[in-house]
Amino acid sequence: MKNNVFKNYKFMLKTICKASASRVWLNIFFTVINDLFSIFYNVLFFAYFMDAVEKGKSISTISKVLIVFILVNIVFEILNSYYNQAYIPKNDIKISFFIKNMIYRKIMTVDMECFDNPEYYDNVTFALNDLFNRVNSILNNIAQFVSHSCCVIVLIGYFAQIDFAIVMISLISVLTGLFFEPVINKCRYRYTNESLKYQRKYDYVKRISIQAECAWELRTTNVKNVLNRMLDDAFWGLKSLFKKYYRKITMLDSVQVFFGFGIVSCVTTLISIHRIVVDKTVTIAMFLPLMGAIAQFTWRASSVISCFTGILNDNIYLNKFNEFYRYESKVVSVKEEMVDASFSGIKIDHLYFKYNENDNYTLKDICMEIRPRQKIALVGYNGAGKSTLINLILRLYDPNQGSITYNDKNICDYNVKNYRSKYGIVFQDINVYAATIGQNIAMDMEVYSDEEMQNVMNSLHLKEKINKYEGRFNTQLTHELSDSGEMLSIGQCQCLALARIFINQEKQLYILDEPTSALDPIAEEEIFEAINSYLEEKTVIYISHRFSASKIADRIYFMEKGQIVEQGTHDELILQSGKYAHMFNLQAKYYRDETEVAVNDRCKNEA
């Protein structure tokens with residue numbers, strides 16, 4: 001998207017109007033009225049007063065005009081006070097929440113490829129950073145630009161009645177600003193754009209430093225030195241950029257002030273004195289209001305340029321915000337069909353995929369079939385492409401070549417949300433949310449009955465743990481939103497994730513990505529018994545670099561470097577004495593040793 005000021009502001013003003021239709025116009029109205037009243041009172045009324053005194057008008061006539069000004073001012077100040085003290089604070093909250101909701105909802109729906117793109121993080125950082133102040137800056141810059149422009153026009157009209165030469169010279173300040181400001185703004189834009197990579201480092205360290213999962217390593221290892229180095233790099237990088245651009249900005253701004261306002265003020269003042277002393281076309285009574293008008297014009301013209309600069313600077317933010325918000329998803333439904341039949345199978349045909357155009361293929365020539373009630377195991381070393389394949393099955397990404405069919409239809413034909421809703425998933429990276437235990441299991445505001453959740457928890461050996469909590473399934477988890485929130489171990493978190501799929505038996509296909517990686521062999525065996533019990537009649541895909549699930553799988557696919565290099569049942573692959581058999585035998589020895597330790601520990605605990 002091009003850096004189009006008009007389109008960007010039109011989009012943002014429409015957004016603000018959706019949150020509060022009256023805010024934009026009221027902001028402009030009150031700002032314009034307030035500034036125009038200042039001009040009328042400090043220049044025009046003062047000129048009238050000096051002229052009336054010089055011409056000997058009665059005090060009663062002058063007083064009547066003064067009283068009208070004072071009454072109008074009182075009424076306006078009452079309205080202005082209500083607007084600033086009551087309307088704006090309430091409205092600020094409304095607008096801030098509306099735009100934040102827009103941003104967070106957008107973040108939750110963009111394609112997964114966005115999270116592989118550093119530019120996406122730049123745009124999100126730009127969109128979220130200082131959002132509240134940025135919206136106010138946009139509103140104020142527009143209102144003040146309109147207001148100061150109106151004041152400049154009024155003052156030019158006032159000067160035209162006295163001496164047109166003053167008008168022409170005064171316009172030089174505006175033209176000077178229009179010449180210098182685009183150059184200055186271009187420097188600011190480059191500075192802001194180049195500083196994003198350093199700002200991202202600051203934001204990363206900020207995020208890591210407040211995450212509970214990182215707290216242990218930050219206090220027990222020297223990883224904090226790495227983070228401190230990041231902060232130092234960001235500081236020196238920003239300092240270098242500041243020196244590079246702001247020397248030029250300062251120089252240009254000084255030249256603009258000198259020629260645009262300093263010289264103009266001096267020349268207009270000398271012309272005014274010449275008209276009084278030499279030409280006698282301006283009276284002494286008119287001199288003081290004229291000096292006030294020149295001072296007002298210099299300030300107002302400067303403010304017009306300043307607001308124009310502010311508008312251009314805010315446009316940098318708006319451009320990034322629009323790039324982020326108007327991102328169009330590439331993973332879209334072709335025909336918007338619904339999955340309205342029971343599961344009849346998945347077929348993956350010669351699938352190729354890479355994350356970026358310049359990368360090598362992450363997946364190469366993947367062919368696979370999954371039939372109803374079948375148990376599939378995807379095994380292999382870390383980085384073999386197992387989780388990437390699942391991402392494509394879930395249509396979090398689209399393949400570069402090949403196809404995936406679900407119930408004999410290309411998954412691209414299905415409504416994306418409806419298609420994904422057919423899967424029950426336990427991801428490798430498990431998240432426990434700052435919500436109740438019940439909400440964490442149901443993954444929604446509506447929770448299941450205590451009896452349903454008790455049965456699931458019992459099968460996962462978490463019943464006693466939950467019953468210890470006073471609130472039971474209403475117990476808040478994590479300390480992020482509640483000081484009394486409870487914390488679960490990694491193994492308990494995995495069991496909680498399994499509870500999410502056990503509680504909902506309406507899914508057509510279940511995907512378990514390393515579901516027991518944090519459990520000891522005995523606990524793992526018990527959990528697999530529970531999995532087999534709950535999902536016996538279901539189609540299940542297990543993903544692991546461990547072989548706990550492979551022995552119970554109907555078909556095993558061994559992956560290496562993005563390819564399926566072996567496939568078959570457990571017994572068939574063992575007989576082949578290939579890569580699967582080698583890896584299984586290595587793990588079997590480890591499991592025997594680990595199982596003995598686990599058994600001894602349990603015996604000691606029971607004793």
Side-chain angles (χ1 to χ4, degrees), residues 1 106-125 196-197 200 204 323-324 326-335 345-370 376-406 409-417 419-420 422-423 425-429 509 511-514 517 541-545 555-567 578-580 583:
M1 180 184 293
K106 183 68 177 181
I107 292 171
M108 292 177 190
T109 58
V110 297
D111 292 343
M112 287 296 293
E113 70 168 20
C114 292
F115 295 91
D116 304 320
N117 184 3
E119 188 177 345
Y120 169 80
Y121 284 102
D122 286 345
N123 291 340
V124 171
T125 300
L196 281 175
K197 62 182 178 181
R200 200 158 68 236
Y204 175 76
E323 282 182 15
F324 153 73
R326 291 185 174 181
Y327 168 84
E328 294 183 3
S329 179
K330 297 173 185 175
V331 179
V332 295
S333 308
V334 176
K335 297 182 180 179
I346 288 178
K347 184 176 180 181
I348 301 172
D349 190 30
H350 299 289
L351 200 71
Y352 286 81
F353 174 75
K354 54 184 173 181
Y355 286 98
N356 296 302
E357 286 299 320
N358 297 326
D359 290 348
N360 295 323
Y361 280 106
T362 305
L363 297 177
K364 291 168 279 189
D365 200 27
I366 301 294
C367 296
M368 181 186 299
E369 280 195 56
I370 302 171
I376 300 293
L378 297 178
V379 298
Y381 295 102
N382 288 333
K386 304 182 296 295
S387 295
T388 299
L389 177 57
I390 294 303
N391 287 339
L392 267 71
I393 291 175
L394 292 172
R395 216 185 161 212
L396 296 173
Y397 297 87
D398 280 336
N400 298 92
Q401 298 177 42
S403 64
I404 303 173
T405 58
Y406 187 100
K409 288 184 181 179
N410 193 305
I411 61 173
C412 295
D413 293 340
Y414 290 117
N415 174 279
V416 176
K417 185 176 180 181
Y419 170 71
R420 289 175 185 162
K422 302 305 174 184
Y423 290 88
I425 312 160
V426 174
F427 288 106
Q428 183 175 356
D429 298 318
L509 195 150
I511 298 173
L512 309 183
D513 193 347
E514 304 281 8
S517 59
I541 302 175
Y542 296 98
I543 307 103
S544 182
H545 62 277
R555 192 155 193 84
I556 300 163
Y557 294 89
F558 187 90
M559 296 186 67
E560 185 179 67
K561 297 180 180 180
Q563 295 178 295
I564 296 172
V565 294
E566 294 179 7
Q567 58 178 293
K579 295 183 177 182
Y580 173 87
M583 191 173 177

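Excluded from the calculations below are hydrogen atoms, water molecules and symmetry mates; all remaining heavy atoms, backbone and side chain alike, are included.
Within the 3.5 Å criterion, the main-chain N or O of Lys354 finds no donor-acceptor partner in the side chain of Asp359. Side-chain atoms of Arg395 never come within 3.5 Å of backbone atoms of Arg420 as a donor-acceptor pair (strictly under, hydrogens ignored). With Lys386 contributing its side chain and Gly380 its backbone, the two residues share a donor-acceptor pair below 3.5 Å. A distance-only check finds no donor-acceptor pair linking the side chain of Lys330 to the backbone of Asp398 [under 3.5 Å].
In this structure, Tyr414 and Tyr419 have parallel ring planes: the angle between them is below the 30° cut-off, well short of the 60° mark.
In terms of heavy atoms, Ile366 sits closest to Gly562 at CD1-O, 3.4 Å. Across every non-hydrogen atom of Tyr557 and Glu369, the tightest pair is OH-O, 3.5 Å. The shortest non-hydrogen separation linking Ser333 to Asn415 is OG-CA, 3.2 Å. Taking all atoms of both residues into account, the shortest heavy-atom contact from Ile541 to Ile370 is CD1-CD1, 3.5 Å. Leu389 and Met368 get closest at one heavy-atom pair: CD2-CE, 3.6 Å.
Taken from CD in Gln563 to OH in Tyr352, the straight-line distance is 8.0 Å, to the nearest 0.5 Å.
Contact check for Leu394 versus Ile511: side-chain heavy atoms found under the 4.5 Å cut-off. Side-chain contact between Ile404 and Ile346 is present, with heavy atoms from C-beta onward closer than 4.5 Å.
For the residue pair Thr405/Asp349, the side-chain donor-acceptor check at 3.5 Å is not satisfied.
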